[in-house]
Every structure is written in structure tokens, then in C-alpha cells.
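Inspection log for the structure reproduced underneath, given as C-alpha cells.
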2 protein chains.
Amino acid sequence: MNDRSDIERIRDARRAKLPKLDIDATAQRILVVALRMFAMHGFHATSMRELAKALEIQPSALYASFPSKDHLLAELVRIGHEFHHASLRAALLAAGGEPVEQLRAVVRANALVHATYPHLAVVVNDELHALPPALAAPGLALRRQSVALLTDIVERGIALKRFAVHEPMVAIAAIGAMSLRIPYWYEPGTLAADALADAQAELALRIVGAAP
Amino acid sequence: MNDRSDIERIRDARRAKLPKLDIDATAQRILVVALRMFAMHGFHATSMRELAKALEIQPSALYASFPSKDHLLAELVRIGHEFHHASLRAALLAAGGEPVEQLRAVVRANALVHATYPHLAVVVNDELHALPPALAAPGLALRRQSVALLTDIVERGIALKRFAVHEPMVAIAAIGAMSLRIPYWYEPGTLAADALADAQAELALRIVGAAP
DNA sequence: GTCTATACTATGATAGAC
DNA sequence: GTCTATCATAGTATAGAC
């Protein structure tokens with residue numbers, strides 16, 4: 001498919017990038033380009049031939065670094081989930097014991113990850129289902145942990161009467177959804193990533209009815 | 001690919017369904033099954049052969065109703081966008097002139113569409129980018145109108161001092177994201193769709209800082 | 001680790017009979 | 001409108017030389 005006319009799911013204005021990794025330079029180069037193409041067009045809409053062409057190597061050379069296309073995606077999904085979960089955990093640990101501050105910190109971190117690594121977020125969220133279960137399992141486990149982390153904060157805040165929420169599940173889903181959607185609309189320029197994170201943290205506090 | 005092992009993007013607990021349509025019965029039967037498969041596995045991960053097999057017809061029979069796989073997706077996307085936009089418009093028209101009631105009505109409608117037609121919502125949102133630009137254009141136009149509809153309500157509410165928002169764009173995106181994500185987590189049972197819609201409408205009012 | 005060359009399979013789509 | 005049969009292409013992946 002030389003003449004691809006698909007609509008891009010995420011704009012390439014911000015170049016695709018990965019967190020710092022400790023892996024082979026060739027593998028990293030492949031991962032970054034694969035990340036961009038998987039994010040923009042989707043995993044199944046990106047062929048190994050096209051990926052190789054974008055890298056200016058032959059398709060067969062890809063298999064020296066990754067045993068299959070699935071493993072390539074799995075590695076991106078693994079990196080994304082681990083970085084994401086580590087970011088949330090670090091934010092929570094630094095936030096002290098007050099639910100308001102915990103929620104603010106975790107939502108800020110969640111927003112910043114999505115604003116800083118939008119391609120990675122898109123691939124993690126939209127292409128995980130393309131993996132065979134064995135390769136998707138680790139990511140799914142981390143995802144559940146991240147949800148639990150947010151759930152625990154909100155439920156504790158309710159118990160401590162810091163928050164007032166009618167339907168906790170709906171509120172938690174709304175807070176998660178807010179940051180999850182960042183890659184699809186946000187572009188830095190008018191609003192700095194940090195200001196976006198602050199704004200979403202404030203909205204999260206409104207959502208849980210934290211006393212202002 | 002007989003032995004598909006992909007993870008399903010959306011559970012099939014709720015059977016895929018379409019709004020009432022005025023089209024050929026055969027075409028409708030094809031559309032419903034395609035809707036389910038595109039929603040669960042993705043457009044590119046669903047082959048015409050698999051679709052035909054699920055319908056218990058031969059692949060070539062599909063082409064009597066739709067000239068190509070793209071057109072099949074385009075029809076689903078068109079139906080989804082038109083139904084969605086019509087729902088929001090109807091809700092707004094019935095809501096009177098008060099921004100608080102307008103926002104409540106539109107968010108309720110948005111939530112109900114996503115809770116009632118989750119497969120359609122998933123296909124519209126996740127597979128639109130798989131269409132060539134010419135086929136995607138009508139959907140994109142309706143999408144912009146729906147966003148504008150919400151934006152106008154929020155901005156008018158701010159101007160009339162009914163709402164207090166620091167970053168309108170962030171608030172509007174959050175309100176949209178909340179309903180958009182419904183198909184990926186919500187399952188009726190513990191919470192009725194109507195209660196979900198009410199809960200999201202309340203959260204939207206909190207997000208825009210409507211006086212309680 | 002990259003190349004050339006190629007095997008094998010799956011894909012979207014069409015031809016033509018009924 | 002559905003069938004059988006088939007085409008042309010694109011897909012993932014491998015073999016073997018350098």
C-alpha cells in the first residue's frame with residue numbers, strides 16, 4: 001500500500017518518542033518508527049514492509065531485532081504500561097496522606113504521561129487488543145493496578161469525608177477518561193502540558209466533590 | 001485466521017445492534033454482524049471471509065450489497081454519526097434556554113447513545129481513521145458539529161455566569177471523554193443506563209462549576 | 001546485522017453459472 | 001442474490017550469502 005490515504009489517528013506534529021530505555025540502539029530505532037506508524041495508522045494497517053521502508057532497511061532486517069510483528073507491538077505496549085504505572089506510583093508516593101493531594105498528584109501524573117508520550121498512549125490503549133492473550137497479559141495486569149490505585153484514593157477520600165460522590169465508579173471512569181483522551185485532541189502551544197495537568201487535576205477534584 | 005486469539009475490545013455481552021433503519025433486509029443483516037466484528041476485533045483485523053462465515057454466506061455474496069469493505073465500514077460510520085448527532089440535537093431542542101438544563105440534556109443524551117449502542121460508538125470512534133478521506137469526510141463534519149454544539153453551551157453558560165471554568169477547552173474535552181469511554185467499561189446490571197446518564201450529567205455540571 | 005531472494009498464506013475483489 | 005472458482009496482490013516470515 002504505497003499510496004496510503006488513511007486519516008491519521010494522531011497528528012505527527014509532536015514526533016513520536018519513547019522514555020529512556022536500556023536496549024540495543026537498532027531495536028530502539030525500530031521501536032520509535034513503529035511507534036509512530038502504529039499510533040498514526042494502527043497496528044494492522046501498518047505492514048512490516050512499510051515499517052522497513054520508513055527505516056530505510058529491508059524487511060528481513062527487522063527480524064534480527066524482533067522475532068515477530070506481534071513481539072514488536074508487545075514491547076511497545078510493555079514499555080508504555082510500565083512507564084505509565086511507574087509514573088502514577090511515584091506521584092502517589094510523593095503526595096503524602098491527604099486524599100485531595102493524592103488525587104491531584106495522580107491525575108497530574110496521568111495527564112503528563114498522556115501529554116508527553118501521546119503516541120505511546122495511543123498504542124497502549126488502542127492496540128493492546130491486537131496482541132495474543134499471552135503477550136497482552138502483563139499489560140492488562142499493570143492496567144488493573146493503575147485503575148486500583150485511583151479507585152483506592154477516591155474510596156478512601158469518600159470514607160474520610162473529603163470527597164462527596166454519588167456514583168464512585170462513574171466518577172473514577174470520568175477521571176480516567178479525561179486524561180486518556182489527551183493524545184487525541186491536545187497539542188502544546190496554547191496550553192503548556194503542565195497547565196493542562198493542573199487543569200485536569202482541578203476538574204478531578206470537582207468531579208469527586210472535594211470541598212473547595 | 002480461523003483460530004483468532006485476539007482480545008476483544010468490547011465485550012459481546014450486549015449484542016450488537018443498530019438504530020432503526022430503512023434499508024434492505026440483507027444489507028441490514030450484514031451490517032449488524034459487521035458491526036459486532038469490527039467493534040470487537042477492529043476493521044483491519046476482520047476479513048470479508050470471516051464476516052461471510054459468521055453470516056453463513058459466501059464472501060462473494062457480500063458484494064451484492066456493498067461494493068467494498070470500505071463502503072461497509074463507511075455505512076456503519078455514517079449511521080453512527082447521524083444517529084449520534086440527531087440525538088444530541090433533539091436533546092438540546094427539548095431543553096429550553098437555560099445553560100444548566102442544556103448541558104444536562106446534551107450530556108444525558110450523549111451518555112445514553114454510548115450506553116445503548118456501544119458497538120456503534122466503538123466503530124465510529126476507533127475505525128473512522130481506517131476510511132479513505134472521501135468516505136470519512138461526512139462523519140468528520142458531523143463530529144465537528146457535535147463538538148461545536150457542546151462548546152456553544154459551555155461558552156454561553158460562562159458568558160451568562162451560570163458556569164465557572166478556568167480552561168474551557170479542557171472542561172469540554174473532559175465532558176466529551178466521559179461519555180465516549182462508556183462502551184469500554186460500562187455494562188448494564190448494577191447501574192441502569194438512565195442512572196449512568198444522570199450521573200454523568202451531574203459530573204458535567206460539577207466540571208463546569210455550575211452553582212449547586 | 002543487513003542484504004537478496006523467495007516461500008507460503010491470507011486478503012479484497014471479480015467472473016460467470018444458476 | 002447466492003453460488004463455485006479464481007485472480008492479483010499484499011502479508012508475515014525464513015533461507016542463506018556476505
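Computation of the quantities below employed the complete heavy-atom set of this structure, encompassing side-chain atoms and omitting hydrogens, waters and symmetry-equivalent molecules. None of the values given here were measured: they were computed from a predicted structure. Naming convention: chains lettered A, B, ... in sequence-line order (proteins, then strands); numbering from 1 in each chain.
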Just how far, in rounded Å, is C1' of C:dA13 from CD of B:Glu50? 16 Å

A:Thr116: what forms a side-chain hydrogen bond (donor to acceptor under 3.5 Å, both in side chains) with it, not counting sequence neighbours? none

Figure out the CG/P separation between B:Leu73 and C:dG12, and round it to whole Å. 12 Å

Give B:Ala61 one of three labels, base, sugar-phosphate or nothing, depending on what nucleic acid heavy atoms sit under 4.0 Å from its own. sugar-phosphate

For nucleotides 12-18 of chain D, just jot down a letter per nucleotide in 5' to 3' order: B, S or -, based on protein non-hydrogen atoms under 4.0 Å. BBBB---

Checking the side chain of B:Lys53 only, and the main-chain atoms of B:Met48 only, is there a donor and an acceptor separated by less than 3.5 Å? no

Give every residue pair that meets the salt bridge (charged side-chain N to carboxylate O under 4.0 Å, His left out) criterion with at least one member in residues 184-207 of chain B, sequence neighbours excluded. B:Arg11-B:Glu187, B:Arg104-B:Glu202, B:Arg108-B:Asp194, B:Arg108-B:Asp198

Compute the ring centroids of A:His114 and A:His84, then answer whether they are less than 6.0 Å apart. yes

Atom-pair distance (CG on B:Leu51; C1' on C:dA10), nearest Å: 16 Å

Check step by step if salt bridge (Lys or Arg N to Asp or Glu O under 4.0 Å) holds for B:Glu127 and B:Arg9. CA-CA 12 Å; B:Glu127 306 298 345; B:Arg9 188 163 45 177; 2.6 Å; yes

Worked check of side chain to side chain donor-acceptor pair (under 3.5 Å) between A:Tyr184 and A:Asp126: CA-CA 12 Å; A:Tyr184 304 91; A:Asp126 289 353; 2.7 Å; yes

Using atom CD of B:Glu56 as one end and atom C1' of D:dG1 as the other, report the distance to the nearest whole Å. 17 Å

Given D:dG1, C:dT4, C:dT2, identify the nucleotide with an atom nearest to the side chain of A:Gln58. C:dT4

